[in-house]
Amino acid sequence: MSEKHIGEVVQVTGPVLDIRFPEGELPALLNAIEIDNHGEKLVVEVAQQTGDNMVRCIAMKSTDGLVRGMEAIATGKPISVPVGENTLGRIFNVLGAPIDNKPAPEGVSYEPIHRAAPE
């Protein structure tokens, strides 16, 4: 996506969100959407296109504080994580952020979390 596609949160049911986008701007399945949850970035992943310009998404962390009407920005790409030699022995969360109290690895490439297994 060359420009930002901005949607609106319509429903929050635990970790599941329904987001409506303008006509013709619906994000693809498995793409990431970012929501500013009171200063903290929440990433959700498109799981289903439900019709009526809406997508059903799964949140990657708590949805506490989310309300209807919040702005949701489609990234145009799937969630990606670091891969390569410098990631061996490291621990990352589902969004690719290191959680082992070490800095982010350098000299790595980023690959989508939904891809074919390596040979």
Side-chain angles (χ1 to χ4, degrees):
M1 290 180 180
S2 58
E3 59 187 55
K4 290 184 180 178
H5 294 278
I6 300 174
E8 179 181 324
V9 175
V10 175
Q11 179 174 302
V12 180
T13 309
V16 179
L17 286 80
D18 287 345
I19 302 172
R20 178 172 285 125
F21 283 86
E23 178 108 20
E25 297 183 10
L26 208 59
L29 292 177
L30 304 178
N31 274 6
I33 297 173
E34 296 177 350
I35 301 169
D36 179 8
N37 188 8
H38 308 289
E40 188 173 331
K41 180 173 75 171
L42 172 66
V43 177
V44 301
E45 181 180 64
V46 177
Q48 182 181 24
Q49 295 175 337
T50 60
D52 195 25
N53 296 316
M54 293 212 343
V55 291
R56 182 152 291 153
C57 304
I58 306 297
M60 297 296 120
K61 60 183 174 180
S62 175
T63 59
D64 290 348
L66 281 184
V67 295
R68 289 181 301 198
M70 291 182 111
E71 188 176 85
I73 301 172
T75 64
K77 57 187 178 185
I79 297 170
S80 296
V81 296
V83 295
E85 290 289 325
N86 294 339
T87 63
L88 297 176
R90 301 287 309 273
I91 303 172
F92 301 91
N93 66 14
V94 72
L95 300 174
I99 56 174
D100 56 2
N101 298 321
K102 294 180 183 176
E106 295 180 8
V108 296
S109 63
Y110 284 79
E111 297 288 337
I113 59 173
H114 298 286
R115 68 179 189 127
E119 304 242 348

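Of the inter-residue distances, the one linking Glu25 atom CD with Arg20 atom CZ reads 14.0 Å to the nearest 0.5 angstrom. With rounding to the nearest 0.5 angstrom, the CD1 atom of Ile19 is 12.5 Å from the CD1 atom of Ile6. Interatomic distance, Asp52 CG to Glu23 CD, rounded to the nearest 0.5 Å: 9.0 Å.
Closest heavy-atom contact between Val67 and Met70: O-CG, 3.2 Å. Looking at every heavy atom in both residues, Arg90 comes nearest to Pro103 through NH2-O, 2.9 Å. Nearest heavy-atom pair across Leu17 and Pro15 is CD1-O, 3.8 Å. The shortest non-hydrogen separation linking Pro112 to Pro78 is CB-CG, 3.7 Å. The heavy-atom pair separating Ile79 from Ala32 by the smallest distance is CG1-CB, 3.8 Å.
No path of Ile, Leu, Val, Met, Phe, Trp and Tyr side chains, each step under 4.5 Å between heavy atoms, connects Ile113 with Leu29, placing them in separate hydrophobic clusters. Under the 4.5 Å side-chain heavy-atom criterion for grouping Ile, Leu, Val, Met, Phe, Trp and Tyr, Val16 is connected to Val94 within one hydrophobic cluster. Linking Ile, Leu, Val, Met, Phe, Trp and Tyr residues whenever their side-chain heavy atoms come within less than 4.5 Å leaves Leu30 and Ile58 in two separate clusters. Grouping the Ile, Leu, Val, Met, Phe, Trp and Tyr side chains by contacts below 4.5 angstrom, directly or via other members, places Val108 apart from Ile99. Val81 and Met60 fall within a single hydrophobic cluster, where Ile, Leu, Val, Met, Phe, Trp and Tyr are joined by side-chain heavy atoms under 4.5 Å apart, directly or via other members.
Contact check for Thr87 versus Phe92: side-chain heavy atoms found under the 4.5 Å cut-off. The shortest side-chain heavy-atom distance between Pro27 and His5 does not fall under the 4.5 Å cut-off.
Of the possible polar contacts, one joining the Asn86 side chain to the Glu106 backbone as a donor-acceptor pair under 3.5 Å is found. Asp100 contributes a side-chain N or O that, together with a main-chain N or O of Ile91, makes up a donor-acceptor pair within less than 3.5 Å. At least one donor-acceptor pair closer than 3.5 Å links the side chain of Asn93 to the backbone N or O of Leu95. Using modelled atom types, no side-chain atom of Thr50 and backbone atom of Arg56 make a donor-acceptor pair closer than 3.5 Å.
In this structure, Arg115 places its CZ atom where more than 12 heavy-atom neighbours from other residues, nucleotides or ligands lie under 6.0 Å away.
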Show me, pair by pair, the donor-acceptor contacts under 3.5 angstrom made by side chains of residues 33-46, not counting sequence neighbours?
{"from": "Asp36", "atom 1": "OD1", "to": "Gly39", "atom 2": "N", "distance (Å)": "2.8"}
{"from": "Asn37", "atom 1": "ND2", "to": "Asp64", "atom 2": "O", "distance (Å)": "2.9"}
{"from": "His38", "atom 1": "NE2", "to": "Gly65", "atom 2": "O", "distance (Å)": "2.9"}
{"from": "Glu40", "atom 1": "OE2", "to": "Lys61", "atom 2": "NZ", "distance (Å)": "3.0"}
{"from": "Glu45", "atom 1": "OE1", "to": "His114", "atom 2": "NE2", "distance (Å)": "3.3"}
{"from": "Glu45", "atom 1": "OE2", "to": "His114", "atom 2": "NE2", "distance (Å)": "2.9"}

